[in-house]
There are 2 protein chains.
Amino acid sequence: MQHATGSRDTKAAIHQAALDLFSAQGYEKTSLREIAEQVGITKASLYYHYSSKQDLLRVIIGTFVDDVRQVMERSAGLEWSPEAVRELLGAYLDVIIKHRATGPTLMRDIGAVLAAIDEDLEGLIATSRAFQLWLAGPNPTVPDRLRAAAAIEAASAALSANLQAGEFTDAEIHATLLDATTALLARRND
Amino acid sequence: MQHATGSRDTKAAIHQAALDLFSAQGYEKTSLREIAEQVGITKASLYYHYSSKQDLLRVIIGTFVDDVRQVMERSAGLEWSPEAVRELLGAYLDVIIKHRATGPTLMRDIGAVLAAIDEDLEGLIATSRAFQLWLAGPNPTVPDRLRAAAAIEAASAALSANLQAGEFTDAEIHATLLDATTALLARRND
DNA sequence: GTCTATACCTTGATAGAC
DNA sequence: GTCTATCAAGGTATAGAC
């Protein structure tokens, strides 16, 4: 049983308003006054629910970062094979596509996002590097590693602002990009 | 004949200090006070040389944006062919690699960069879209256009922070990414 | 436990004196 | 060309009302 009004609703309302405004105008261009105004409270009240503007961003992007990390970490216990590559790339694409809505905020304000992650950043970078290295295959050459980096970047194209127009379906994006990144990595054997 | 000191030097010194600080800490996290301090002048004096913080950023990234636009615009007068694709992608990679040093600033503060471009932004987006469409080939399907977007993204991997470590040479990056993006686009015929 | 009033410091920016 | 003084707006902190 929870109160029909009060803390819970306000906190959620702030979260929602922040997400909307960040997506529309970006993190830096959105002021706490705007957010508070939209919720119908005062700027100072935000600080009861969130300890800072960065904290607010951290909560918003939290699930995305966690999802990405989870997929990347799976590579640690998985033996490399073309099938395994296809599976992990597919899972990665699923995550990206799932969070397509948060995409604009994430892309536009990478700097702020990285700052918000902060303490986990080193770990995330290490995880990302490990994933990239795993993708490159056993005994990778320099080109292999470059291709792995390019493949991740290509998959992330699903977040790109150019695709936001709604002309592409999730299924199309998944199938096409999985195929494309797989083909890109396959140059390894040439 | 120019003064050994004065306007010219100060302006250049500001430019250099701003580039250094933006690269090291990002655009938003760098204050004009910091820049002025490093140059040895006062904050207000910056405004004699540059009309705003954005203006400073605009000058710094100016050549990069111009170079990119120039390459993309070449697609307008070029008939599509696999060879033409390879040529333009190569030119695009040349530009990206040439500006690798500015990469971190550009990637981290995309939002600020876009805001700084501002009046040219619509034109640049249109140019970028046209280039992407050209890359997709004649009578492109939906997957064709997705692959084109992915290819551009993959080529831009050359700017990625993960590659900054200096473990890759310009030539390696150029050759590998040109080959990889070409292969990615070639799925068109499958 | 939830929210407001108020004040503090930094920032980007402007005006005017030298 | 450079400085001092000043401004509005932003993020932040706290004391206290209910």
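These numbers come from a predicted model, not from an experiment. Here is the naming used below: chain letters follow the sequence lines, and residue numbers restart at 1 for every chain.
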- prompt: Do B/L56 and B/Y48 sit in the same hydrophobic cluster, where Ile, Leu, Val, Met, Phe, Trp and Tyr count as joined when their side-chain heavy atoms come under 4.5 Å apart?
  reply: no

- request: Looking at every strand, decide which applies to A/S45 at a 4.0 Å heavy-atom threshold: base, sugar-phosphate, or nothing.
  value: base

query: Considering only side-chain heavy atoms of A/A44, which listed nucleotide, C/dT14, C/dT6, D/dG11, is closest?
result: C/dT6

- request: Measure the distance from OH on A/Y50 to P on D/dA13 and round it to the nearest whole Å.
  value: 17 Å

message: Expressed as a whole number of angstroms, how long is the span from B/E37:CD to D/dC3:C1'?
response: 16 Å

message: On the nucleotide D/dT2, are OP1 or OP2 found under 4.0 Å from the side-chain N or O atoms that B/Y48 carries?
response: no

- prompt: Which nucleotide, D/dT2, C/dT11, D/dT12, lies nearest any side-chain atom of B/R33?
  reply: C/dT11

query: When you measure from the side chain of B/S52, which nucleotide among C/dA13, C/dT6, D/dT4 comes out closest?
result: C/dA13

- line: Considering only heavy side-chain atoms of B/L32, the closest of C/dA13, C/dC3, D/dG11 is C/dA13

query: Below 4.0 angstrom from OP1 or OP2 of C/dG1, is there any side-chain N or O of A/H49?
result: no

- line: Of the listed D/dG11, D/dT2, C/dG12, the closest approach to the B/K43 side chain comes from C/dG12

query: Atom CG of B/L46 to atom P of C/dT11: distance rounded to whole Å?
result: 13 Å

- request: Using whole Å, report how far CG of A/L57 lies from C1' of D/dT12.
  value: 17 Å

B/S31, nearest nucleotide to its side chain (from C/dT2, C/dT11, C/dT4): C/dT11

- request: Indicate whether any N or O donor in one side chain lies under 3.5 Å from an N or O acceptor in the other, for A/D20 and A/Q16.
  value: yes

query: Do the side-chain N and O atoms of A/D144 and A/T141 include a donor-acceptor pair separated by under 3.5 angstrom?
result: yes

query: Taking C-beta and beyond as the side chain, do B/R100 and B/I173 meet within less than 4.5 Å on heavy atoms?
result: yes

field: Rounded interatomic separation in angstrom, taking CG from A/L56 and P from D/dT12
entry: 10 Å

message: Output the rounded distance in Å from CD1 (A/I14) to P (C/dT2).
response: 11 Å

message: Tell me whether the side-chain N/O atoms of B/Y47 come closer than 4.0 Å to OP1 or OP2 in C/dA13.
response: yes

- request: Determine, using the 4.5 Å side-chain heavy-atom cutoff (strictly less than), whether A/L78 and A/V68 are members of one ILVMFWY cluster.
  value: yes

- line: B/I35 atom CD1 is separated from C/dA13 atom C1', nearest whole Å, by 14 Å

- request: Figure out the NZ/C1' separation between A/K53 and C/dT11, and round it to whole Å.
  value: 13 Å

